[in-house]
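Structure first, commentary second.
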Amino acid sequence: MTTEALLQRAGELLAPFAKGTNNPETNRLDVQIAASDLPAAASALTDASWGYLAAITGMDLGAEANELEALYHFCEGAAVTTLRVHLPREGCPEIPSVSEKIPVASFFERELGEMLGVTVVGTPDSSRLFLPDDWPADVFPLRQGFKPEQAASVESAKAPEPSKVGYKFIVPIGPQHPALKEPGHFEFTVDGEIITSARMRLGYVHRGIEKATEQRNWIQNLYLLERICGICSHTHTSAYSQGVEKLAQVEVPQRALAIRELVAGLERIHSHLLWLGVVAHEAGFDTLFMYSWRDRETVMNLLEELTGNRVNYSICVLGGVKYDIGPEQSASIHTALDYLEERIRYYLDIVTSDTAFLQRTRGVGTMSLEEAKRFGALGPTARASGVNRDVRLDAPYGAYKRFPVSIITDERGDLEARFVVRMKELLVTCFTIRTIVDNMPSGEIITKFPRKIPAGETVSRVEAPRGEAFYYIKSGGGESPTRLHIRTPSLCNWTSVINKAVGHQLADAPMLIAGMDPCFSCNDRMVTIRKNNDSNTLTWSELREYGIKKYGQRK
Amino acid sequence: MTPFTALLSIMFFPAGITLILSGMLYEWADRKLVARFQNRIGPRWYQPLADTIKLLTKEEIKPQGLNSLLFYGLPIVALTGALTAALYSPILGLVPIHSFPGDLIVTLYLLSLLTMCMGLAGWNGSSRFSLIGATRALTQLFAYEAPFLLALLGPAIVAGSWVIKDISVYAESHWMVFTQPVGFFIALIGLMGKLELPPFDAPEAETEIVAGALTEYSGRGWPYFTLANRSSWWLP
């Protein structure tokens with residue numbers, strides 16, 4: 001179906017609930033509905049299998065409008081349908097939950113509740129997801145007029161008592177645990193060695209980036225957003241630039257778009273090889289871990305040669321890219337890819353033939369096509385279950401129309417399939433990179449970009465190594481965004497892990513968590529802001545002095 | 001055997017320092033080889049010794065709510081058990097220096113002491129990781145202990161003696177690997193389970209339960225346990 005046909009179908013489905021409809025962009029449909037109609041409208045879309053819930057954006061329209069807004073974005077192919085719900089700003093705004101039909105919504109609803117103070121009626125878990133336990137109950141950081149002073153720690157609200165219902169044996173994994181390279185917290189209730197239920201908590205490295213973007217101008221935000229994630233940094237800058245360029249109606253040179261896709265491809269190689277090592281380590285296959293990380297150095301060095309940086313490449317700028325690729329770089333890309341392709345083929349062989357390793361992956365955590373769709377899984381995790389979903393093909397952006405990629409899916413849905421999908425994806429990526437290098441469009445790499453962006457809102461979607469990254473950008477016509485909402489793929493994939501872990505051995509839990517390639521820093525974008533005179537806060541020199549004093553006394 | 005020579009043999013040779021140092025050598029060889037297999041450089045030869053010295057100087061933090069006698073005593077009992085067992089075991093083909101009728105059973109018991117101590121240490125801990133680790137260690141103990149014992153009974157019956165010395169003397173003139181192949185393989189597998197070598201390392205599977213039964217050991221207790229384990233590598 002074409003995008004127009006999809007939008008028309010969505011319009012028909014939502015007609016009974018619509019209070020107002022408009023098309024802000026050619027691929028978007030915006031439908032205003034009443035809060036009470038929300039579950040029915042969401043079911044109308046999902047029952048007709050029109051798309052999946054990509055994100056829920058909460059917004060405070062400010063004291064003047066005296067309203068809050070919740071936007072439910074559904075995506076299908078290139079079409080985006082947004083359900084727009086207006087809520088009162090005063091008192092306690094309430095919105096019915098849609099998580100019964102759409103399990104992944106429960107994460108978005110928890111975020112909406114704690115960040116904007118919207119009570120989601122009927123959501124299965126309304127506890128904190130991102131904010132710390134000692135955050136004051138009536139302070140909502142994404143409301144207009146929030147001041148950091150309001151976020152002082154509340155002593156009495158610390159550490160909720162663990163539930164004492166029955167005699168459950170709960171194994172905590174994280175926030176500090178050898179299996180996790182980044183902080184997250186999981187509670188696995190076990191019966192012997194079998195997991196009977198699972199819970200999770202995020203937010204240990206939340207940095208408040210969404211809020212921070214509102215205080216910085218459009219250019220400064222580029223720098224900030226690059227630091228959302230250390231692995232897919234380019235994804236975030238390219239998603240952001242793409243959205244802002246759309247708002248500013250700036251045509252980006254073809255050469256710049258090709259270079260963006262090329263760097264995205266290299267980033268995918270480095271991300272998947274890193275993941276391969278981490279999961280191999282969780283399975284106790286340390287040799288594969290060491291080998292894949294050694295080979296990952298090749299692509300890291302290549303990125304350093306192209307951009308000057310190994311992690312935050314900062315090659316993407318508004319209106320184009322910063323660095324060009326010359327004949328010398330093209331040659332080294334080809335040399336590096338020769339080596340990498342050979343290694344990736346070897347790893348593909350290993351993960352499908354090593355008997356000991358297959359025992360940990362084959363048939364473990366199998367997710368069927370229906371489940372993957374219902375849980376809202378994204379990226380390679382979903383494609384390993386046969387979900388035919390990839391933004392690079394569904395809604396080709398940037399240079400992906402010119403240099404398309406082919407989609408890799410697998411029907412089996414277990415951990416092994418996720419290995420196979422990722423490794424094959426790398427081979428496709430290597431091929432695409434070679435095509436780009438050989439057929440690089442000529443011309444400028446950057447174009448002039450305005451300082452102020454015209455008022456408007458847009459949605460920008462980019463396929464990160466882990467799945468779709470979703471950006472909602474709203475401009476008020478000034479030098480900085482009014483609202484920037486980011487939904488990263490890891491957040492959608494958690495539902496599948498939490499649900500699939502039940503019934504598995506405890507020993508499989510780390511593999512299941514790592515199997516979806518979680519990225520905690522993507523999820524977490526806020527931290528407790530404490531006052532400087534707080535006794536819990538130590539500066540570096542104070543900490544040093546404290547250490548010297550403490551250990552000096554013992555002698 | 002005078003008390004003095006007994007003390008000497010426990011402290012220095014064949015048990016004591018010799019056993020501990022050779023245990024370290026073994027650990028180094030293991031780590032170095034694994035590192036080379038994995039395309040890494042690996043540690044220098046004195047790394048295990050340096051680790052042990054460092055760990056011995058560390059502060060020991062006793063978690064609240066557990067029996068301190070057990071907490072401090074168990075590592076020492078485990079190490080002592082392993083060292084004592086060395087007196088009755090043939091090491092590197094040398095004839096064991098002490099023996100008495102039935103020492104085979106005693107030595108086997110002493111070797112199990114390590115696992116029992118680890119299990120107790122885990123039960124004693126308040127941490128959920130140690131509890132699961134202890135459960136796994138003890139479950140595994142039941143699985144391999146009986147076959148291991150039975151596999152060693154074979155040679156004892158053939159040699160007609162319960163004394164390790166007599167069995168090893170008998171073994172010098174008879175290749176029991178060929179006369180009792182089943183027993184040999186069972187003993188080998190049992191041994192791997194006893195020493196918690198992969199694939200029998202579930203009790204300390206770090207990706208789920210951190211360090212298993214020994215999670216709460218922060219200072220001296222940990223190296224005692226590790227030393228006991230490393231030393232036992234030499235015994236069989």
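So that the names make sense, note that chain A is the first sequence line, chain B the second, and so on, each numbered from 1.
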Whether over 12 other heavy atoms sit under 6.0 Å from A/Y339 OH: yes

Which atom of B/F37 lies closest to which atom of A/Y291, heavy atoms considered: O-OH, 3.4 Å

Minimum-distance pair of heavy atoms, taken over all atoms of A/D286 and B/Q38: CB-NE2, 3.2 Å

Distance, nearest 0.5 Å, that separates CZ of B/R40 from CH2 of A/W293: 13.0 Å

Derivation of the side chain to side chain contact (heavy atoms under 4.5 Å, CB included) call for A/R294 and B/N39: CA-CA 9 Å; A/R294 179 197 64 188; B/N39 201 25; 2.5 Å; yes

